[in-house]
Amino acid sequence: MTEPALAYLQDDLAAAGFLLLGGFRPSPGDGVPDITGGAIAQSLLLIGSTGPSLWPQFTSSREFQDGTPHPMDRYAKQELSRLATVHGLDVLFPFEGPPYFPFQQWALKCGGFSQSPLGVLAHETYGPWTGFRAAFLSAAAVVDQGPPANAGPCETCRDKPCLNACPVNAISVETGYDVPACKGHLQESSEIACWSGCLARHACPFGEDHKPHPDNARFHMSSFIGL
């Protein structure tokens, strides 16, 4: 894949609501499988979504409207499998397995991400609002070997306002993320502020321009508690 071809890929991803988050040259310890046919993957391209960009395309899709489970995963698989075929790439998804692939580890290798106190990764540009949707594998070296990837924002964030924003104290450095407390609070009422998106994520000073559409946030919260 040449540099112009990579630009075409980015344009096609954007048209479907996705974006290229970064890439790296895999090493043996990265858990990246061989490409179909046995070729070694020379590049991994991490594909995701962030902010409100995916919501219009997704809500107009057949997968959103047909009423069957896991519409977001099905939309991502449909569109990204199609684009992988068009661009001659293999594709892996985080929701298919076993084996389940280490998408967070791959994101850290791409640069710009750090592990946040919330459990999710935070990005220097997108904050905690990134969803990992797929990884494309290429038999060509389309990304530079380069120096070690730059770290994300959490290590240098002194105030860490995310730690004090949860109304039920479900976020703790010592004990991690209390999922039952979070779900229980959401189930109390569909009108509480958390339905607009996790308040701890909203408190993050990074990614202000990439927060999700309110309907998108409510959709993900509904999926989270199994509605």
Between [X] (side chain) and [Y] (backbone), is there a donor-acceptor pair under 3.5 Å?
| X | Y | answer |
| --- | --- | --- |
| Ser60 | Gln57 | yes |
| Arg218 | Ser190 | yes |
| Ser196 | Pro214 | no |
| Ser27 | Asp30 | no |
| Gln115 | Gly119 | yes |
| Gln65 | Thr59 | yes |
| Lys109 | Pro26 | no |
| Ser114 | Glu155 | no |
| His213 | Asp215 | yes |
| Asp90 | Thr36 | yes |

Please answer: with hydrophobic residues joined when any side-chain heavy atoms are less than 4.5 Å apart, are [X] and [Y] in the same cluster?
| X | Y | answer |
| --- | --- | --- |
| Ile225 | Ile171 | yes |
| Ile192 | Phe224 | yes |
| Met72 | Tyr126 | no |
| Val179 | Trp195 | yes |
| Tyr177 | Leu121 | no |

Going by salt bridge (charged side-chain N to carboxylate O under 4.0 Å, His left out), name the residues that satisfy it together with Asp66, two or more places apart in sequence or in a different chain.
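If we apply the salt bridge (charged side-chain N to carboxylate O under 4.0 Å, His left out) test to Asp66, skipping adjacent residues, the hits are Arg74.
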List the residues meeting salt bridge (charged side-chain N to carboxylate O under 4.0 Å, His left out) with Glu191, not counting sequence neighbours, and say none if there are none.
none
With respect to Phe101, which candidate in Phe95, Phe93, Trp106 satisfies the ring-ring contact (aromatic ring centres under 6.0 Å, His included) definition?
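Exactly one candidate clears the test, Trp106.
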Pair Thr130-Thr50, side-chain contact (heavy atoms from CB on, under 4.5 Å): steps then yes or no:
CA-CA 5 Å; Thr130 304; Thr50 186; 4.2 Å; yes
As an exercise, state the distance from CD of Glu208 to OG1 of Thr125, rounded to the nearest 0.5 Å.
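Separation between the atoms: 13.5 Å.
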Distance from Leu80 atom CG to Leu92 atom CG, nearest 0.5 Å?
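Spacing of CG (Leu80) from CG (Leu92) equals 11.5 Å.
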Residue pair His202, Trp129: steps toward the ring pair (Phe, Tyr, Trp, His ring centres under 6.0 Å) verdict
CA-CA 9 Å; His202 274 288; Trp129 302 109; 5.0 Å; yes
Considering residues, nucleotides and ligands other than Lys77, do more than 12 of their heavy atoms fall under 6.0 Å from its NZ?
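Atom NZ in Lys77 is not packed in, count stays at 12 or less.
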Looking at Arg62, I want to see if its CZ is surrounded by more than 12 non-hydrogen atoms of other residues, nucleotides or ligands under 6.0 Å.
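No, because the 6.0 Å sphere around CZ of Arg62 holds 12 heavy atoms or fewer from other groups.
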So, applying side-chain contact (heavy atoms from CB on, under 4.5 Å) with Leu89, which one of Leu9, Leu83, Val142 is it?
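Exactly one pass, corresponding to Leu9.
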